[in-house]
Asker: 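Okay, handing you the structure first.
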Amino acid sequence: MPNLSNRLTLLREKQGWSKAETARRLGLKAPSTYGNWEYGIREPDLDMVTQIATLYDVSVDYLLGQQSMPTFAPSELESEKDIAKRMTKISEDLRNEDDLKLDGSPLNDASAHFLADSIDFIYEQAKKLND
């Protein structure tokens, strides 16, 4: 199971941010502070964990390893009407999360990548048709 430092790296890379950019977004004076969290040298305090969860739009439980999948407030998911965002989220989960299941059976890497690639392809085709 990924630990906090692994999840921080994964989430930051999904955003395409540098450590320095992430530190800036969190209001840290020294980018090395964030880097130390990713390297597992130090850990953020609880207030900062909450800020990180807000920045990445995941739950604190996910960051701390209590859940294998990032969770969001149910109202946010239910109110999300932009199917592109939902498709992108599913594709990202398929590429980055462990222990996913398909019809109750463990989802292997090849199947996860196939599904993610297929969702990305369908999304791009739908975008073209919708323009």
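Computation of the quantities below employed the complete heavy-atom set of this structure, encompassing side-chain atoms and omitting hydrogens, waters and symmetry-equivalent molecules. Sequential numbering from 1 along the given sequence is applied to the chain's residues.
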Asker: Under 6.0 Å from the NZ atom of K127, do we count more than 12 heavy atoms belonging to anything else shown?
Answerer: no

Asker: With sequence neighbours left out, write down each residue that passes side-chain hydrogen bond (donor to acceptor under 3.5 Å, both in side chains) with R95, or none if nothing qualifies.
Answerer: D117, D120

Asker: Are F121 and F114 linked, directly or through other ILVMFWY residues, by side chains that come within less than 4.5 angstrom of each other?
Answerer: no

Asker: Considering non-hydrogen atoms only, spot the tightest contact between E21 and S18 and give its length.
Answerer: N-OG, 2.9 Å

Asker: So how far is it from R24 CZ to K29 NZ, rounded to the nearest 0.5 Å?
Answerer: 16.0 Å

Asker: Would you call D93 and K89 a salt bridge, using N to O less than 4.0 angstrom?
Answerer: yes

Asker: Hey, what do you get for OG1 (T54) to CG (D57), rounding to the nearest 0.5 Å?
Answerer: 8.5 Å

Asker: Does any non-hydrogen side-chain atom of L8 lie less than 4.5 Å from one of L63?
Answerer: yes

Asker: So, using side-chain hydrogen bond (donor to acceptor under 3.5 Å, both in side chains) as the criterion, who are the partners of T9 when residues are at least two apart?
Answerer: E38

Asker: Minimum heavy-atom separation for A53 to S59, with atom names?
Answerer: CB-C, 4.1 Å

Asker: Going through the distances and angles, do N36 and T33 end up as a side chain to side chain donor-acceptor pair (under 3.5 Å)?
Answerer: CA-CA 5 Å; N36 287 338; T33 301; 5.8 Å; no

Asker: Would you say that more than 12 heavy atoms from the other residues, nucleotides or ligands in this model lie under 6.0 Å from the CD of E92, or not?
Answerer: yes

Asker: Going through the checks in order, is the side chain to side chain contact (heavy atoms under 4.5 Å, CB included) test met by R12 and Y56?
Answerer: CA-CA 8 Å; R12 178 184 55 77; Y56 290 128; 3.2 Å; yes

Asker: Heavy atoms only: give me the nearest W17-T22 pair and the separation to one decimal.
Answerer: CB-OG1, 3.5 Å

Asker: Side chain to side chain contact (heavy atoms under 4.5 Å, CB included) for W37 and L28? Distances and angles first, verdict last.
Answerer: CA-CA 12 Å; W37 298 338; L28 300 172; 3.8 Å; yes

Asker: How close do A20 and P31 get, heavy atom to heavy atom, and via which atoms?
Answerer: CA-CB, 3.9 Å

Asker: Could you state the interatomic distance from CZ (R7) to CD1 (I52), rounded to the nearest 0.5 Å?
Answerer: 13.5 Å

Asker: Distance-only, no hydrogens or angles: does the T50 side chain make a donor-acceptor pair with backbone N or O of L46 under 3.5 Å?
Answerer: yes

Asker: Kindly compute the distance separating NZ (K14) from OG1 (T88), expressed to the nearest 0.5 Å.
Answerer: 11.0 Å

Asker: Can you give me the closest heavy-atom contact between Y34 and A23, atom names plus distance?
Answerer: CB-CB, 4.1 Å

Asker: How long is the gap from CD on Q125 to CG on N130, to the nearest 0.5 Å?
Answerer: 12.5 Å

Asker: Other than I41, which residues form its hydrophobic cluster under the rule that side-chain heavy atoms must be closer than 4.5 Å?
Answerer: Y39

Asker: Taking all atoms of both residues into account, what is the closest heavy-atom pair of L100 and L94, and its distance?
Answerer: CD1-CA, 3.9 Å

Asker: Dump the intermediate steps for side chain to side chain contact (heavy atoms under 4.5 Å, CB included) on L115 and L107, then the final yes or no.
Answerer: CA-CA 10 Å; L115 286 168; L107 182 66; 4.2 Å; yes

Asker: When you look at CG of D103, are more than 12 heavy atoms from neighbouring residues, nucleotides or ligands closer to it than 6.0 Å?
Answerer: no

Asker: Using the rule given for side chain to side chain contact (heavy atoms under 4.5 Å, CB included), can you reason through M87 versus I122, listing the C-alpha separation, both sets of side-chain angles and the distance that settles it, and then say yes or no?
Answerer: CA-CA 9 Å; M87 291 176 77; I122 291 167; 4.0 Å; yes

Asker: Which value, rounded to the nearest 0.5 Å, describes the distance between S5 atom OG and R42 atom CZ?
Answerer: 14.5 Å

